[in-house]
Each structure stands twice: as structure tokens, then as C-alpha cells.
Amino acid sequence: MISGSRELTILRELELIVHAGESVAILGQSGAGKSTLLGLLAGLDHPSEGELLLFGESLTGLDEDGRAALRNGRVGFVFQNFQLLPTLTALENVLLPTELSVQNHREQRAREWLARVGLAERHDHLPRQLSGGEQQRVALARAFVTSPELVFADEPTGNLDPHTGERIIQTLFDLNHEQGTTLVLVTHDHALARRCDRCLQLVDGRLDAMELSEATS
Amino acid sequence: MSRRQVMGIGALCGLAARSLRRDLRAADVRALLIALMLAVAASTMMGFFLDRLERGLVRQAGQMMGGDLVLEQSDPFDDGLRRQLVEAGMRLSDQVDLVSMASRESAFQPVSIKAVDEAYPHYGSSRIDRGQGSEEVEHGPARGELWLSPRLRQLLDIELGESLQLGQSQFEVSAWLEREADQSTGFGSLNPRVMMHVEDLEATGLIQPGSRLEYEILAAGSAQSVEQLSPLLERLRQDGVEVRDVRHDRPRLGSALERADTYLSLAGLAAVLLAGVAVALSTRRYVERHLDSAALMRCFGASQATLIRLFGLQLLVLSVVAALLGAVLGLVGQALLVALMQPFLPMELPPPGWLPLWLGVLTALAVLGGFAGPTLLRLRRVSALKVLRRELDPLPASAWLMAAVAAGSFGALMWLYSGSFSLALGLLLGGLVALGAMWWLGGLILDALMWLVSRVAPGARQGWRHALQLGARQLTRRRSLSLGQLLAFAVTFFAMAMISLVRGDLVTTWQAQLPVDTPNHFAINIQPGERDAFAEQLAEISEARSDLYPMVRGRIVAINGQPPREAVPAEAQGENALRRELNLTWSSELPKGNRLVEGSWFDGVEVSGDWYAEVDNGQPPEAPISLESGLAERLGLAMGDRLSFSVGADTLTGVVTSIRDLDWDSFQPNFYVIFPPGVLDDFAHSFITAFHLDPLDASAGQTNPLASLVEAFPGVTLLDVDALLGQVREMLDQVTRAVELVLVFVLLAGISVLYAALIASHPVRAHESGLLRVFGAGTRMMARIQWAEFAIMGLAAGLLAVLLAEIAAAVLYLAWLDLPPKLHPLLWITLPLSAALLLGCVGQWLSRNIRRQAPTASLALLGDT
């Protein structure tokens with residue numbers, strides 16, 4: 001992956017296969033290119049060289065729209081900064097991804113998901129009326145509401161205190177196991193990474209496998 | 001491919017509606033909606049009102065003409081023509097004008113008879129006195145009755161109830177006619193008026209071959225009906241029928257009305273311009289915020305097409321809702337306006353039409369489409385990565401497209417409003433160049449003010465000076481945002497300044513056009529022998545009087561040797577000047593109020609007293625003549641053309657050596673053709689003059705100064721045109737009032753723009769204020785900083801606006817309104833200062849919530865996205 005006019009190589013010689021149902025953590029320091037890698041994996045960006053397959057389909061020949069169609073309803077996202085729309089209530093934020101396709105009982109499902117993350121009573125609150133942890137729980141409900149096959153999480157606890165972060169992670173993994181979802185998690189938190197099936201470290205644009213015990217240290 | 005079904009248009013509409021409903025919680029959408037609504041309300045209110053006023057003015061002009069359409073010829077009209085007119089939706093009234101002799105006992109007096117039918121008058125009312133004081137009536141005299149000009153009372157020594165002989169019949173005088181509903185004939189006929197019923201005319205035996213009769217059909221109907229009749233009217237003109245159409249032949253008030261009309265549409269344009277500014281300001285924030293939701297939607301798998309449809313639909317619904325609400329508001333507003341104005345409006349306005357409503361909706365769509373439409377493309381191209389990277393994609397190509405679409409739709413609107421493509425294009429191109437120049441100039445002004453502030457308050461740490469510094473720093477910190485707002489404010493102040501400048505100069509010009517001592521009396525038939533004595537006696541009773549001009553009646557019989565009808569363009573076939581005798585005059589000097597546009601005056605032309613007797617080579621010599629520019633234009637005449645006149649039994653020819661402009665509204669003796677002295681002297685002539693007499697103050701025991709004049713010069717005819725002058729003044733007053741009212745609305749529209757701008761920039765300001773609070777600024781300090789920031793902005797915007805206004809006003813006056821350009825030094829002081837004060841106060845007031853808010857809340861306003 002090459003970025004900018006000065007040809008800054010961010011990722012190189014990178015090979016990664018994520019199997020269905022697997023949870024993979026990608027570790028790395030700030031600026032190591034974790035988010036760039038996540039963007040590539042999710043088809044939000046395209047690599048300067050190399051090939052990417054999502055759900056077995058090559059992303060290389062697809063334009064933005066093609067990649068978007070591939071994601072539609074099959075991929076969930078959890079962001080570090082929550083990315084809730086400030087003018088939408090909690091319920092409406094959860095509803096947002098369901099609105100792009102024709103689905104039945106959308107609202108009912110969105111309410112169920114809000115209840116699952118413990119925010120049934122707060123459905124009509126705007127993001128600014130919610131705490132950081134609550135906002136991230138809304139984001140979790142939003143990520144799972146379409147029953148995606150794959151969830152990408154970008155530093156999901158980055159903006160939260162350790163205690164709240166722990167609760168969020170617990171919820172994330174519970175939902176993941178329960179739904180049998182594939183999870184790709186980007187973090188710099190080794191404790192968090194340890195909870196995944198597999199752990200990879202991004203150093204100097206290369207991805208190295210890490211032993212779980214290594215990650216815990 | 002996707003395992004789910006792609007969204008149908010119905011689902012998309014539902015989503016758009018839901019999104020819009022949720023969107024209404026955001027301040028920017030509310031600001032956009034309000035800005036759009038106010039803009040549409042202002043423009044439709046103005047549109048409605050102007051439309052009605054315009055139609056009212058046309059109707060009043062119609063009243064002066066006697067109808068929307070007047071046909072005149074010397075033979076009776078046939079019924080086929082009447083049917084055609086009625087089928088086109090016109091209401092008809094027949095009228096016959098003639099000059100005849102009226103007699104009572106041994107007294108005889110030539111009178112100008114106007115015979116009217118039951119349908120008279122179409123518009124307005126006549127004022128008569130049946131002996132019980134003045135009353136307004138909307139009909140003509142009944143059969144067997146006559147209404148007489150009060151002048152005849154003295155001339156014929158007659159009273160109400162007595163009989164007057166016209167031709168072979170006697171009629172009872174039933175009322176004095178103080179004012180006619182229509183002043184169409186004006187003083188074309190110089191004899192006192194007698195009004196009668198048209199069916200009585202037959203019995204008088206006055207209709208005979210060779211009598212000078214004018215048959216008229218006065219037709220009233222809608223503009224569409226008149227328009228529909230255009231081909232027929234054209235044919236009639238070619239057949240020699242004189243056709244007057246209220247839209248083209250507004251009598252006398254022409255130039256004032258035209259300017260008012262231009263001004264009013266200019267004001268409408270200013271309102272649209274302000275609408276554009278307000279919407280552009282609100283749209284910016286709206287789009288910024290939607291970039292986030294677009295990126296998120298992309299993440300969730302929305303395609304470009306889905307996004308563009310979604311946001312397009314949202315904007316469409318938004319603009320339609322705003323347009324409808326705005327139009328309703330505009331309708332209510334104009335009704336209030338009319339109710340408010342009714343006591344001052346001497347006429348009743350026709351009901352509001354549909355056109356302004358459509359114009360309002362179209363305005364909303366075009367303004368929003370023009371400004372927000374191109375940004376849709378930005379939303380479409382937004383990358384899902386924005387969510388991860390939290391950055392905006394650079395959009396080099398679409399920025400041009402944006403500007404082009406905005407400019408295009410704006411130009412189309414201007415075209416729609418001004419009705420002139422070249423004007424709209426000129427304004428648009430000029431506007432774009434001006435915008436670039438303004439950006440640069442605004443930067444210079446802002447820099448200059450910053451430098452000034454740094455000199456005024458160097459290193460101040462507290463109080464107003466410190467606030468001034470901090471406020472100035474806020475502006476420079478976000479320079480391009482500040483510049484953008486500065487431009488918006490400058491355009492607003494500029495529009496308001498323009499409208500008020502032009503108003504002031506228009507009204508001054510109008511007032512100057514009919515000063516208080518405008519002649520209100522004409523004296524005609526002054527015989528050459530009486531000339532000096534009359535002038536002497538007139539000088540004793542009137543200070544404001546024109547020169548005495550000789551008048552010789554002459555008819556144009558040839559143009560460049562050809563019969564006139566063959567020599568002039570087709571559209572001039574029905575020209576009055578070809579059908580009637582003209583009043584020719586001579587003068588050694590250019591008459592007051594006349595202006596040479598081509599050629600030179602007769603200076604140095606030596607014409608001896610017996611000029612006409614000198615025959616050179618068997619050909620009569622040709623005299624130099626000066627022609628009025630309007631007539632020259634209508635007849636297609638230019639310098640060097642030769643006009644032959646029959647005067648009495650002779651024919652004489654003149655060569656056009658100069659062309660003059662003159663003001664037909666001036667109530668001065670005006671002439672189409674002027675000869676140098678010495679050519680016409682030997683023909684039978686009399687003199688004419690105009691003079692001003694102050695209204696008689698009976699309580700002071702004043703005697704009528706005219707009485708002595710009449711006594712000394714019984715042959716001289718005096719015409720009192722005070723009523724006509726009054727009507728013209730009234731009309732000018734009314735137009736002035738309308739113009740002032742429109743100014744108020746442009747001001748209101750301008751204030752709405754300020755409001756929109758402040759609301760739209762609210763989050764950024766709140767964020768900054770929050771930070772300042774966090775760093776320890778107190779409420780008072782905050783208030784001062786905010787005041788200083790807005791005031792500096794206002795001062796800069798005011799300076800820029802006044803500069804633009806001077807340039808634009810000069811161009812406008814020269815090119816469009818036909819007024820001489822001038823500088824407005826006072827504006828250079830008042831506008832920047834009042835702009836600073838206004839923005840400072842309004843800005844500070846609108847920011848009061850920010851000051852009251854806890855810093856955390858202010859900081860949260862920007863949100864995370």
C-alpha cells in the first residue's frame with residue numbers, strides 16, 4: 001500500500017487469510033498502518049498492488065459501488081470514535097444500516113439489539129445525551145443489527161476508560177460467539193488481542209503471527 | 001452480489017422522508033429551511049405585491065386612457081370589429097369626440113363634446129356637482145342631459161337646470177363636470193368640455209360629412225386578451241386606425257412608471273440574490289454534516305446512485321416544503337401589506353395572481369438546486385474511508401462544477417426576474433468577476449482592519465481593547481471562513497444600499513421632475529399683437545412661467561419627397577403625427593428642458609424676414625429644422641432627412657439639422673418640430689405659454705388673478721391643468737410609496753440573511769467560545785469578544801459594500817435608469833458604521849445562548865463526526 005505524493009509505503013508483502021467464524025486481532029503501534037489495513041480488508045480502500053478477496057470474491061476488479069454492494073448487510077463496523085450521527089437517536093442510529101436494503105421488522109430488530117446491549121430505555125436519546133460507553137454500545141448494536149457475517153472493529157475501546165472498555169469488549173465477544181460472526185479487530189491493547197483466536201502484529205508494514213502468550217506479556 | 005434486494009424508489013422515498021424528519025433536529029437544516037422559506041416568502045410577497053401593484057398601476061393608466069385598449073378613427077367602427085373584441089374578452093364602450101359650437105341665447109362658444117355610452121367609464125369615476133356639492137359617479141350623463149365644464153358657466157353665463165343648444169337640439173345642463181374619469185383627451189382639444197350621452201348625438205344633427213369627428217372604442221380587459229388581439233391591432237394600425245394600448249402607450253406618466261417598474265424588478269432581483277446568499281450559507285453546514293452520514297452509509301454498503309437519489313430526494317422535499325410554506329407566508333404578508341397600504345393607495349388593487357406563487361416555488365427549487373445540487377456530487381463521491389481517516393476528500397473538479405451550476409441557476413433566475421437575457425448574462429458575468437475581486441478586496445480590508453486593531457490596542461490585557469484584539473484574532477484564525485461570511489454580509493449590505501440609493505435618487509429625480517412651481521395653467525390663442533402686453537400682465541401674477549412660443553399649424557405631407565405613409569416603417573403607419581396637424585414653432589434658442597442629442601442648434605443660421613419669398617432655381621429653399629428624438633425614432637428619421645409641411649395653402653420643406661430630447665412630462669409647451677426664426681413668421685400664428693399660479697386662498701379675500709387676465713384678453717383661452725397635474729403627482733407619490741415599501745422588504749430579506757449566516761456558523765463559534773470559557777474567559781469578556789468580532793466583520797463588510805454600491809450605482813444609472821451618476825459621500829460613513837453596529841449587536845444577541853452554556857455543552861456541539 002503506497003500513500004501520498006512522496007510514496008510512503010505503509011503495508012508490504014502482506015498475506016493474510018481470515019476464516020469464517022474466526023476472530024483475528026491485529027496489533028500495532030500508533031501509525032503502524034492498522035487502520036489502513038482494516039480499510040483494505042473491508043474494501044473501504046483499494047491497495048496499490050496485490051489482491052484482496054472478501055467472502056471469496058476478488059475486490060480488485062470492483063469499483064467503490066461494487067465493493068459497497070458486497071458489504072451491504074454482510075459487514076458490520078465498530079469504530080474507535082463511535083461514528084454515531086449526532087442528530088439521530090440511539091434507535092435511529094441502529095436502524096441506519098438496515099435502511100439500505102428491504103428488510104422486514106427492522107425497527108423491532110433494532111429495539112431488540114438495543115435491549116441486548118442494555119439500552120432499551122435509552123432508545124430515544126441523542127448521542128450527546130449518552131456516555132462514551134453507552135455510545136459504543138449503540139455502535140455495537142448497529143454493527144450486529146444486520147446479522148453480518150463479518151465485523152470489523154477499529155480500536156473499539158480506544159476512547160473509553162478501562163472499566164467501560166472491558167464491558168464493551170465483553171459484549172462484543174459475547175455477541176460474536178453467539179452470532180458465529182467472523183471478527184477482525186484492530187487494537188494496540190494486548191489484553192484485548194489475547195481474547196481473539198489469532199493474533200497478528202503489524203510492524204514496519206509487515207504482518208507477523210504472534211503467540212497468544214506473547215500477546216499477553 | 002448482494003444477497004438482499006436493492007432498494008426500490010418507494011423505499012427510497014420513505015427513507016428520504018425519515019431522514020429529513022430526523023434532519024429537522026439539526027440546526028443547519030432548520031436554518032436552511034428558514035432561510036429558504038424567508039427568501040421565498042420575501043420574494044413571493046414582493047412578487048405578489050408588485051404584480052398586483054403593477055396591474056393596479058396599469059389599470060390606473062388604463063383609467064387615464066379610458067380603457068386598456070383605445071381605438072380611434074374618423075369613421076364609425078363596424079360591428080364585425082366589435083364582435084372580435086368582445087370574443088377576445090374585452091368590454092367595450094363607445095365614445096365620440098367632436099368640436100362644435102354651443103349656444104345659449106346670444107352667447108356662442110366652441111366646445112369639445114365627448115359623447116359617452118352606458119358602459120362609460122370602464123375604470124375610476126368622474127367628479128360632478130349637481131348643485132349639492134361634489135360627488136363621485138361611475139357613469140356618464142343620462143339621455144337629454146349635459147355635463148359642462150365649470151368654465152362654461154362664466155363663458156356662457158349659464159346655470160344648472162338651464163338649457164344649452166347643441167346643433168339642432170336643446171339639452172338640460174344637469175351637472176358641472178369637475179373631473180373626468182378618463183383624461184385621455186388631455187388638452188388635445190383646447191375648448192371647454194361638454195359631456196353628453198352618445199345616443200343624443202344623432203338628434204343634434206352634428207354628425208355630417210366633413211365634420212371633425214373622432215370615433216373611439218374604449219376596450220377594457222385582461223393583458224392576455226389585449227395580447228391575444230395583437231395581430232388584429234397590427235392590421236388596424238396599418239389601416240390607419242389609431243391604436244393605443246395601455247402597456248405600450250401609457251399616457252404622460254411613461255418615464256416615471258418605467259423607472260419604477262425597473263426599480264421594482266431590481267428590488268425583486270436583490271431579494272433573489274439575498275435568497276441565494278442565505279441558502280448558500282446554510283447549505284454549506286448542511287453538506288459538511290451530511291458528508292459524515294454519506295461516508296457512514298458507504299461503509300454500510302450504499303451505492304453512489306443510492307446516495308445521490310437519497311440526498312436529492314431530501315433536498316427536493318425540503319425545497320418544496322420551504323417553497324410552499326414561504327409562498328403561503330408571502331401570500332399572507334402581501335395581504336397584510338395591502339391592508340396596511342390600502343388607505344394610501346388611491347386605487348383598488350386587483351386580486352393576487354398565480355404567477356408569483358409559481359415564481360416563488362421555482363425560485364426555491366432553483367436556488368436550492370443551484371447551491372446544494374452540486375454538493376450532492378460531493379456526497380456521492382465521498383469515500384467510506386473518511387470514517388476511518390476523519391478527513392475530507394479533496395474535490396478539485398467538482399468545485400468548478402459547483403460554481404458553474406450555482407452561477408447557471410442563478411443566472412437563469414435573474415433572466416426570469418428581469419426578463420432580459422443580456423441583462424442577466426451581464427449581471428452574472430459581472431457578478432462572478434466581482435466575486436473574485438470582492439474576495440481579494442475583502443482580504444485587503446480585513447488585513448487593514450487587523451493592522452489597525454493591532455495599532456489601537458497593542459498588548460492590551462483587559463477591557464474593550466483586549467476584547468477587540470481577541471475578536472480580531474478569532475477572525476484571522478479562520479480566515480477563509482471569515483472571508484466567506486464577510487462576502488455574504490457585504491453582498492447583503494450592498495443589495496440593501498443599492499436599493500436604498502437608487503430609491504433616493506429616483507424619488508429626488510421624480511420630485512425634481514414636477515417641482516412645486518410646475519406650470520398648472522396654459523394660455524393659448526395669444527395673438528401676435530397681444531403678445532407683449534400679455535407677457536407683461538402675466539409677469540405680474542405669476543413668477544414661474546415659460547417663454548411665449550409661436551404656434552403654426554402644419555401637416556407633414558412628404559418625407560424625403562415621398563408620401564409619409566410610404567416613407568416610414570410599417571409600425572409607424574398609425575403614428576399620430578402623420579394624421580394630424582402639428583404645432584410648429586420657431587425659436588432662436590434651444591427651449592428650456594430640451595437637450596440636443598445630435599447636430600447643432602440654429603446658431604449662426606441667418607434667415608431673413610422674407611426668406612420664404614426667395615426662390616432659388618425655381619425650387620423653394622429648405623429651412624433647417626430641429627426634430628424631437630422620439631418622433632425621429634418612431635418615423636425612422638435621421639439627420640439630413642427632409643420633411644415637407646403643408647401650412648395653410650403653402651408647402652414648405654425643412655432639413656433635419658438637429659435632434660432634441662425633451663421631457664414630455666414637464667407640463668411645459670413642447671414641440672416636435674422647431675424652425676429657426678424667419679421661416680414661419682409670415683404664416684398665421686398665435687402664441688402659447690404655460691405658467692404656475694398658487695391655489696386661490698379665498699379666506700384671505702384674494703381675488704382670482706385670472707379674472708383680470710381674461711378681462712383684458714378675452715380672445716385668449718386659459719386652460720387649467722391643475723387636476724391633471726394633481727393626478728400625475730398622486731401617481732408619482734404612490735409609486736414612490738411603493739418603492740419605499742419594497743425597500744423595507746429588501747431590508748427584511750437582508751436581515752434574514754444575517755440570521756441564517758449566524759445560525760449556520762453557530763457550531764464553530766460555540767466551539768471557540770467553549771474553548772475560551774475553558775481557558776477562563778468570563779461572560780462579560782465573552783460578550784465583548786463576540787461583539788468585537790462581529791463589529792469588525794460588519795465594518796469590513798460595510799466598507800466593501802459601499803465600494804461596490806458606488807460602482808454598481810454608477811453603472812446602473814448610466815446604463816439602465818437613465819439618471820446621471822453621482823457619489824454618495826455620506827454613505828461611506830453611515831453604511832460601514834451602521835453595519836458594524838448592526839452585526840455587532842445582532843451577532844452578540846444571537847450568541848447569548850453560547851455564553852450561557854456550560855463549556856462542555858458548547859464543545860459537544862461540534863460532535864465527534
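Below, each value reflects all heavy atoms present in this structure, side chains not excepted, and no hydrogens, waters or symmetry copies.
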Nearest heavy-atom pair of [X] and [Y]: which atoms, and what distance?
X: Leu296(B); Y: Gln83(A); result: CD2-O, 3.2 Å
X: Arg71(A); Y: Arg298(B); result: NH2-O, 2.7 Å
X: Phe79(A); Y: Cys299(B); result: CZ-SG, 3.9 Å
X: Ala68(A); Y: Ala302(B); result: CB-O, 3.5 Å

Using a 6.0 Å cut-off, check whether atom [atom1] of [X] has over 12 heavy atoms from anything other than its own residue.
X: Arg167(A); atom1: CZ; value: no
X: His188(A); atom1: NE2; value: no
X: Gln29(A); atom1: CD; value: no

Residue part contacting chain B, namely of Arg67(A), when any heavy atom lies under 4.5 Å:
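Neither part; nothing is under 4.5 Å.
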